[in-house]
Amino acid sequence: MPELPEVEAARRGIAEQLLHDEIVEVDLRLPKLLVASDGLGLEQLVGLSFSEIRRHGKYLTLLAGDLALVIHLKLSGQLVGRGPTIPGFDAGHPVPAYGAELPHKSTHLIIYFASGSRLYVTDIRHFARVRLMPVDDLDGYFNNLRLGPDVASSAFERQWFHGAIARRPQSRLKPLLLDQTFVSGLGNIYVDEVLYRARLHPERLARTLTPTEIDQLFDAVGEIMAIAIPIGGANILNGKAIPERGDFPFVHGREGIPCLRCGTPIVKERVDARGTYRCPICQPVPDAN
DNA sequence: AACTACTCCTGGAGGC
DNA sequence: TGCCTCCAGGAGTAGT
């Protein structure tokens with residue numbers, strides 16, 4: 001699913017290929033994709049162009065005039081750029097059933113630009129949302145979400161992390177890292193990757209971590225992001241699997257496959273109703289806390 | 001305030 | 001092969 005690296009790939013694609021290109025038409029095919037503030041509609045984007053794009057965690061914000069689009073791809077959303085004068089990009093969850101043809105049954109929004117470029121929003125499961133609001137409402141919207149620091153930003157800092165872990169002593173590590181108000185950007189796949197790299201069991205309690213283990217966890221977040229972001233995430237790059245991605249993801253989705261470190265078969269379990277993968281030797285079950 | 005449960009969806013996988 | 005059932009899960013919201 002689209003997590004920070006995939007959303008960052010979308011941010012870069014839009015930033016490099018679709019800014020400052022006049023919007024000439026907007027085609028909303030799945031009305032509930034859009035959540036618009038009172039009195040606003042996507043047709044008000046026509047004649048404007050996107051001037052800036054920001055990302056915080058898994059949220060993207062596009063600015064056009066005094067309007068803002070806030071996009072969340074949720075479980076299965078995808079942003080695709082196409083055009084006669086741009087390289088194009090595919091970021092997020094692919095829609096394999098329909099191949100490369102666009103638009104298709106799961107294409108829910110198309111934004112047409114003056115250059116001939118198009119931005120497609122696709123989503124198999126219809127969970128993604130695009131919010132349209134006045135720029136002046138952005139701060140209020142994000143303040144209300146109370147997002148933690150973006151794990152790929154300078155705000156995600158080692159000493160802060162030690163303190164933040166200490167403030168959530170009773171939390172299990174996996175639910176804690178998935179909590180976007182704790183840190184922002186990690187989802188089910190990358191939390192598994194981070195905990196595997198840090199050799200920590202998903203249900204360890206925060207208060208049982210030694211300072212060294214907190215450092216390992218902090219470092220693992222940065223290292224996994226440093227691997228995933230340059231390749232555009234775990235799912236796809238430019239619409240197809242990434243042959244050069246090697247073994248990545250290292251643990252998620254690898255049930256029964258030998259651990260890359262010790263050869264023990266990876267196990268799949270449920271933690272808070274989420275499929276969770278770990279190495280039973282590298283990430284041993286904690287003692288009773 | 002801080003938990004948990006429920007909700008939204010449909011392609012793909014598995015059973016027979 | 002085909003029909004059926006079930007699963008995947010981020011985050012907003014309602015309920016406790």
Side-chain angles (χ1 to χ4, degrees), chain A residues 1-8 10 28-37 55-61 70-79 91-109 121-133 137 140-148 150-151 164 167-195 202-203 205-207 228 233-236 239 241 249 251-256 267-277:
Chain A
M1 73 223 57
E3 304 179 30
L4 190 155
E6 293 80 8
V7 178
E8 175 62 14
L28 179 65
R29 299 173 167 219
L30 182 73
K32 70 173 185 180
L33 176 74
L34 177 69
V35 180
S37 299
R55 183 189 57 72
H56 188 110
K58 305 172 206 171
Y59 291 83
L60 280 178
T61 303
V70 178
I71 301 173
H72 198 302
L73 298 176
K74 294 286 186 80
L75 304 181
S76 55
Q78 181 193 36
L79 290 170
H93 193 290
V95 187
Y98 311 119
E101 279 187 54
L102 284 163
H104 52 57
K105 188 178 149 193
S106 291
T107 302
H108 306 315
L109 174 64
V121 180
T122 80
D123 183 12
I124 292 176
R125 290 188 175 75
H126 298 195
F127 287 171
R129 288 295 178 267
V130 173
R131 289 186 156 74
L132 177 66
M133 65 183 77
D137 288 359
Y141 177 75
F142 278 103
N143 286 342
N144 190 250
L145 292 177
R146 305 196 178 288
L147 298 176
D150 183 287
V151 295
R167 287 188 289 275
R168 298 290 293 271
Q170 299 289 55
S171 296
R172 293 165 298 156
L173 293 180
K174 177 152 186 177
L176 183 60
L177 293 171
L178 284 172
D179 180 351
Q180 303 298 298
T181 69
F182 179 70
V183 292
S184 197
L186 300 177
N188 201 39
I189 294 170
Y190 290 99
V191 168
D192 282 1
E193 296 300 305
V194 164
L195 291 172
E203 299 193 272
L205 297 188
R207 66 174 163 79
N235 288 333
I236 48 160
V251 67
H252 193 90
R254 297 171 71 96
E255 182 179 18
V267 297
K268 180 182 184 184
E269 298 163 338
R270 296 217 143 248
V271 177
D272 273 11
R274 312 235 163 150
T276 298
Y277 298 83

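A, B, ... follow the sequence lines: proteins, then strands. Residue 1 opens every chain.
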field: A:Q180 vs C:dA11: side-chain N/O to OP1/OP2 distance below 4.0 Å
entry: yes
- prompt: Under 3.5 Å, is there a donor-acceptor pair linking the side chains of A:S76 and A:D123?
  reply: yes
- prompt: What's the closest nucleotide to the A:I124 side chain, out of C:dG10, C:dG12, B:dT10?
  reply: B:dT10
task: Please state whether the base of C:dA11 and the side chain of A:R129 form at least one donor-acceptor pair under 3.5 Å?
output: no
query: How many Å lie between CD on A:Q170 and C1' on B:dA2, as a whole number?
result: 13 Å
query: Is the side chain of A:H56 donor-acceptor paired with the backbone N or O of A:G148 at a distance under 3.5 Å, no angle test?
result: yes
field: Nucleotide C:dG10, atom P - distance to OH of A:Y190 in whole Å
entry: 13 Å
task: Check whether any side-chain N or O of A:H72 sits under 4.0 Å from OP1 or OP2 of C:dG10, and answer yes or no.
output: no
Between C:dG10 (P) and A:K58 (NZ): distance, integer Å: 6 Å
- prompt: Looking at C:dG12, C:dA8, C:dA11, which one has an atom nearest to any side-chain atom of A:K268?
  reply: C:dA8
task: Give the rounded distance in Å between these two atoms: CZ of A:F127 and C1' of C:dA8.
output: 9 Å
task: Select one nucleotide: of C:dG12, B:dT10, C:dG10, the one nearest the side-chain heavy atoms of A:R125.
output: B:dT10
Reference residue A:T122; test side chain to side chain contact (heavy atoms under 4.5 Å, CB included); the match among A:H108, A:H104, A:K105: A:H104
A:K74, nearest nucleotide to its side chain (from C:dG12, B:dG11, C:dA11): C:dA11
- prompt: Within the side chain of A:S184, is there an N or O that forms a donor-acceptor pair under 3.5 Å with the backbone of A:K58?
  reply: no
- line: Of the listed B:dG11, C:dG9, C:dA8, the closest approach to the A:R270 side chain comes from C:dA8
query: Whole-Å distance between C:dA11 P and A:F142 CZ?
result: 12 Å
- request: Whole angstrom is fine here: how far is it from NE2 in A:H108 over to P in B:dC8?
  value: 16 Å
message: Students often get this wrong, so: under 4.0 angstrom with heavy atoms, is A:L73 touching a base, only sugar-phosphate, or nothing?
response: nothing
Nearest to side-chain heavy atoms of A:H252, which nucleotide of B:dT10, B:dG11, C:dG9: C:dG9
- prompt: Atom CG of A:L178 to atom P of C:dG12: distance rounded to whole Å?
  reply: 14 Å
message: Distance check needed: B:dT10 C1' versus A:H104 NE2, whole Å only.
response: 14 Å
message: Testing the basics here: between A:L176 and A:A206, what is the closest heavy-atom pair and its distance to 0.1 Å?
response: CD2-CB, 4.3 Å
task: Could you check A:R131 against A:L75 and say which one's nearest nucleotide on DNA chain C is further toward the 5' end?
output: A:L75
